[in-house]
> 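Just passing along the structure, written as structure tokens.
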2 protein chains.
Amino acid sequence: MRKRPQQQRSRELVQALIDATARVIQQQGLDNTTTARIAEAAGVSVGSLYQYFGDKESLIEALMESLAEGIGTGLRRLPLLDNDDMHALIGNAIRFGFAVLHSRDGLYLELVRNWHRLPTDRVVDVLQQHFMELARVYFLRHYRDYPIDNLEVRVFIVTNSVLFTMVRHISQHNGLIRENALATELTSMVANYMTLPPSSSEVQA
Amino acid sequence: MRKRPQQQRSRELVQALIDATARVIQQQGLDNTTTARIAEAAGVSVGSLYQYFGDKESLIEALMESLAEGIGTGLRRLPLLDNDDMHALIGNAIRFGFAVLHSRDGLYLELVRNWHRLPTDRVVDVLQQHFMELARVYFLRHYRDYPIDNLEVRVFIVTNSVLFTMVRHISQHNGLIRENALATELTSMVANYMTLPPSSSEVQA
DNA sequence: ATTGAATGCGAATACATATTCGCATTAGGG
DNA sequence: CCCTAATGCGAATATGTATTCGCATTCAAT
């Protein structure tokens, strides 16, 4: 952020700009999201935009940051560890994921369709860290079950697998595969994998 | 393609343009891949480029098409069904995938890093179709083992999971996770999932 | 060798959009 | 109420790149 907003009106302006960015992306698509449109949607001039954001990108970064925070909070509120069933835990997390993707009137869909040119890593990292934490707690409780040493790798695989499969499915409204079936299958794949004993074929040419 | 090349020289020119596109993307990155640079790399003028390709995009499409074909051929040559072990089958396919990603001096890496703005679906579809075919043959031979009815969904999930996990890992040279470990773990996740009996919890609210 | 069609050229043009800057307006402490 | 710094403005500017078009060159059929 180029300059700190000091007065009340400018602090509101900054927030209005971030909100407007979300609205424009959601309504016009990322391609048509220009500084002019954002400024207009915020009821503000382009010049004012550059008063507080060095460039368009940093404005979008601010938006992503805010979304990542929201998702983190949402996840933390989910009572995922309340029962001890891995299958249920995974299922709930995945359903939460779909809910997020469908929220905010398609904003997430548009972002997800363009994740590659956005600072998405921020968001993915939040999720990955959170799942890592969940996994640690779970296996601490159930340590006798499956002493997983390479938890890191498994969480990486699982996070990316689930995210991308959801993203691909949603961003091309694949009519042939129902979201429920996808959620169920993803859940069983992941739950099974996470409760799999460490592979003995670890060492290989 | 705007116009059919009729003479020998123009057919060579079209090929030279496609090759040059690959080279420029690989050497300069997709962002710096301009029609001017492509033409220069092909030893040709911009005007000639527009003689045979309506726009830049269709030139890139031609490149993707050619790559998809190459991958398809490579897959078909792989002796995946020679033995009857699902684990080995999956492992080989995944290793082939990594090999492709590392081939062509980073061309694939650059493409993969920007897949969202490219006609990547073409390539993904080729892979998905191929795996669907493989799965069909496999379960026809082993029909007694696991009568999977929702093969479609499973192949979708597996294809996307593997692809994206590989892509994420590679496109951010994650030093913490070794490619071999990733391949091994992916293989066991997928092999296990594909040999899982149909989920009984199929029907749920 | 001639000639019309195919091919090739690249400076000029069109276009989209980010970013700046000099001036106008407003806030709020004194 | 005054005055200055903060804020706000938006037409003008800068930039990058795709695409065109009138002319030059080459091909290949006769």
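Lettering of chains follows the sequences in order, A, B, ..., and the numbering in each one begins at 1.
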> Determine, step by step, whether Phe53(B) and Thr21(B) satisfy the side chain to side chain contact (heavy atoms under 4.5 Å, CB included) criterion, reporting the C-alpha distance in whole Å, the side-chain angles of both residues, the deciding distance to 0.1 Å, and the verdict.
CA-CA 12 Å; Phe53(B) 296 95; Thr21(B) 305; over 6 Å; no
> Going by atom types only, do Arg11(A) and Gln8(A) share a side-chain donor-acceptor pair under 3.5 Å?
yes
> Rounded to whole Å, how long is the line connecting atom CD of Gln7(A) with atom C1' of dT7(D)?
6 Å
> Gln51(B) or Lys56(B): which one's nearest nucleotide on DNA chain D is closer to the 5' end?
Lys56(B)
> Looking only at side-chain atoms of Asp55(B), point me to the closest of dA6(D), dT19(D), dT7(C).
dT19(D)
> Which nucleotide in the list dC9(D), dA18(C), dT17(D) gets nearest to the side chain of Thr34(B)?
dT17(D)
> Without decimals, in angstroms, what is the distance between Tyr50(B) OH and dC21(D) P?
13 Å
> Can you measure Arg37(B) atom CZ to dA18(D) atom C1' for me and round it to whole angstrom units?
14 Å
> Whole angstroms only, please: what is the CG-C1' distance between Leu49(A) and dC9(D)?
13 Å
> State the CG-CD distance between Asp125(B) and Gln129(B), to the nearest 0.5 angstrom.
6.5 Å
> Please figure out whether Val44(A) or Glu57(B) has its closest DNA chain D nucleotide nearer the 5' end.
Val44(A)
> Find the distance between CG (Asp19(B)) and CD (Gln15(B)) and round it off to the nearest 0.5 Å.
4.5 Å
> When rounded to the nearest 0.5 angstrom, what distance separates CG in Leu127(A) from CZ in Arg122(A)?
10.5 Å
> Starting at atom CD1 of Ile38(A), determine the distance to atom P of dG10(D), rounded to an integer number of angstrom.
17 Å
> Nearest of dT19(C), dT7(D), dA6(C) to any side-chain atom of Val46(A)?
dT19(C)
> Rounding to a whole Å, what distance do you find between Glu40(B):CD and dG8(C):P?
18 Å
> Using atom CZ of Arg9(A) as one end and atom C1' of dT7(D) as the other, report the distance to the nearest whole Å.
4 Å
> Quick one: Arg11(B) CZ to dG8(C) C1', roughly how many Å, whole number?
16 Å
> Classify Ser10(A) by what it touches in the nucleic acid, base, sugar-phosphate, or nothing, heavy-atom distance under 4.0 Å.
sugar-phosphate
> Name the nucleic acid region contacted by Phe53(A), choosing base, sugar-phosphate or nothing; use a 4.0 angstrom heavy-atom cut-off, strictly under.
nothing
> Could you tell me whether the side chain of Arg168(A) reaches within less than 4.5 Å of the side chain of Thr165(A), counting heavy atoms only?
no
> May I ask you to say what Arg2(B) touches in the nucleic acid, namely base, sugar-phosphate or nothing, with a heavy-atom cut-off under 4.0 Å?
sugar-phosphate
> Would you please enumerate the stems DNA chain C participates in, each stem being three or more consecutive Watson-Crick or G-U wobble pairs with both distances under 3.5 Å?
C:1-30 with D:1-30
> Not counting sequence neighbours, list each pair that qualifies as a salt bridge (charged side-chain N to carboxylate O under 4.0 Å, His left out) and has a residue in residues 24-42 of chain B.
Asp31(B)-Arg117(B)
